[in-house]
Structure formats: C-alpha cells, structure tokens
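So the structure is just underneath, and the comments pick up after that.
Numbering of residues begins at 1 and proceeds along the displayed sequence. Computed from a predicted model, the values in this text were never measured in an experiment. Side chains are part of it too, since the values below use all heavy atoms of this structure and drop only hydrogens, waters and symmetry mates.
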Amino acid sequence: MSARSKARKQALDLLFEADIRGTNALETLNLRDIVEEGPDARPIREYTRSLVTGVSENTRKIDELITTYAQGWDMDRLPNVDRNILRLGIYEILWAADIPDSVAIDEALGLAKELSTDESSGFIHGVLGRISSLKENLSL
C-alpha cells in the first residue's frame, strides 16, 4: 500500500470517528496526533492532515454535492463509511489539483471494497464519476 493510500485510510478513520461521535473532524485529528517517541506514538501523516483539513473546510459544499448526485439517497440514510469515502473522493477530485480524478476514484473504490459492502463500490463509483465529469460546470 502506498504512503498516500495509507494516509487516505487514516483520514477515513478520523472522518468516520468524528461522524460517528458527532464531533469536529479537526478536533479529532488533533486528539489522535501523538508525536512522542515510544510504543504509543501515532503521528498523523501530512497528507492525512491535508485531507481531513480540506474535507472539514469544504464539508457543506461536499455534502450538497453528495445530496445532489447520490440520487435517491439522503445523507442520513448513507452508511457512515460510504458517506466519508465520498467526502474524501469529492475533496480530491475538486480541490486536490495534484491528484488525477482517476486516482481519486480508484482509491475511493479500494476503500469501499475493503471496508464497505459489495454494492457500495458501484454506488460510490457512480457518484464520483458524475462529479468528475461535471466538475468544470460546478460552482465551488
């Protein structure tokens, strides 16, 4: 697994935890960042920090896009893991200029296949594919 893939997984874990607890993702990130030496050290990867910060700063717009393009699904009805995989993927597609859309989508699908249901990866692929194809027309 590449360093960025590990960072995405770590970001998903933090976003998922904050979503479940109903807390702020940035606060969760800061609580989990243990940089001291020793067996309890759990430093947060820089790309993880970038992803969580980016998703947090753009959550309102990202969630509007999910609501718009996840046809037939309320945000509340989406499984938490799927909702947060979509948030990560949408952030990378729309705001991470150095990440090709195809990489962002593939990484999101990998997370969905590993952590969610069989149906989730197809659903996530459809939503992210729509947003990628329309991103030039989206007002951000």
Side-chain angles (χ1 to χ4, degrees):
M1 185 182 288
S2 75
R4 285 223 167 158
S5 294
K6 290 177 183 174
R8 285 180 186 93
K9 171 67 169 74
Q10 190 177 44
L12 177 62
D13 291 345
L14 291 164
L15 292 170
F16 180 82
E17 179 182 348
D19 201 20
I20 291 288
R21 293 177 183 258
T23 59
N24 181 291
L26 291 175
E27 290 174 16
T28 303
L29 173 105
N30 290 328
L31 287 172
R32 299 291 172 257
D33 192 12
I34 300 173
V35 293
E36 66 206 27
E37 299 293 322
D40 292 334
R42 293 180 300 190
I44 300 293
R45 292 170 175 85
E46 196 54 42
Y47 193 60
T48 299
R49 186 177 306 286
S50 172
L51 289 171
V52 172
T53 301
V55 169
S56 294
E57 290 173 352
N58 296 288
T59 298
R60 186 187 58 76
K61 182 63 179 171
I62 291 169
D63 287 355
E64 286 175 11
L65 290 167
I66 293 171
T67 301
T68 300
Y69 293 102
Q71 297 169 341
W73 283 91
D74 270 344
M75 284 294 286
D76 296 336
R77 285 187 50 221
L78 279 175
N80 288 11
V81 70
D82 294 355
R83 178 172 45 245
N84 286 293
I85 291 170
L86 284 168
R87 285 174 174 156
L88 277 175
I90 291 168
Y91 171 74
E92 284 193 306
I93 289 168
L94 297 179
W95 287 280
D98 62 326
I99 305 295
D101 291 1
S102 59
V103 171
I105 293 169
D106 285 347
E107 290 286 330
L109 293 178
L111 288 169
K113 288 176 184 174
E114 178 185 347
L115 301 169
S116 196
T117 66
D118 293 338
E119 297 82 27
S120 291
S121 60
F123 170 74
I124 288 169
H125 187 261
V127 173
L128 294 180
R130 269 188 232 113
I131 289 170
S132 174
S133 69
L134 297 171
K135 80 178 185 177
E136 300 301 323
N137 299 325
L138 297 174
S139 58
L140 301 176

Could you check whether any side-chain heavy atom of [X] comes within less than 4.5 Å of a side-chain heavy atom of [Y], counting everything from C-beta outward?
| X | Y | answer |
| --- | --- | --- |
| Ile124 | Leu111 | no |
| Arg87 | Asp63 | yes |
| Val52 | Ile44 | no |
| Tyr69 | Ile90 | no |
| Thr23 | Leu31 | no |
| Gln10 | Lys6 | no |

Any donor-acceptor N/O pair, [X] side chain to [Y] backbone, under 3.5 Å:
| X | Y | value |
| --- | --- | --- |
| Ser132 | Leu128 | no |
| Asn58 | Gly54 | yes |
| Thr28 | Asn24 | yes |

Of the non-hydrogen atoms in [X] and [Y], which two are nearest, and what is the gap between them?
| X | Y | answer |
| --- | --- | --- |
| Ala18 | Ala25 | CB-CA, 3.6 Å |
| Ser50 | Tyr91 | O-OH, 4.1 Å |
| Thr48 | Ala11 | CG2-N, 3.6 Å |
| Ile93 | Ala104 | CG1-CB, 3.9 Å |
| Ile85 | Ala108 | CG2-O, 3.5 Å |
| Ser121 | Lys113 | CB-CG, 3.9 Å |

Under a 4.0 Å threshold between the charged nitrogen and the carboxylate oxygen, would [Y] count as salt-bridged to [X]?
| X | Y | result |
| --- | --- | --- |
| Arg32 | Asp13 | no |
| Glu92 | Arg8 | yes |
| Glu107 | Arg4 | no |

For this session: Evaluate side chain to side chain contact (heavy atoms under 4.5 Å, CB included) for Phe123 paired with Thr117, printing each intermediate quantity in order.
Result: CA-CA 10 Å; Phe123 170 74; Thr117 66; over 6 Å; no

Could you grab the distance from atom [atom1] of [X] to atom [atom2] of [Y], nearest 0.5 Å is fine?
| X | Y | atom1 | atom2 | result |
| --- | --- | --- | --- | --- |
| Ile62 | Glu57 | CD1 | CD | 10.0 Å |
| Asn84 | Leu14 | CG | CG | 10.5 Å |
| Ile131 | Leu86 | CD1 | CG | 7.5 Å |
| Thr67 | Glu64 | OG1 | CD | 8.0 Å |
| Arg60 | Leu65 | CZ | CG | 10.0 Å |
| Leu134 | Thr68 | CG | OG1 | 11.0 Å |

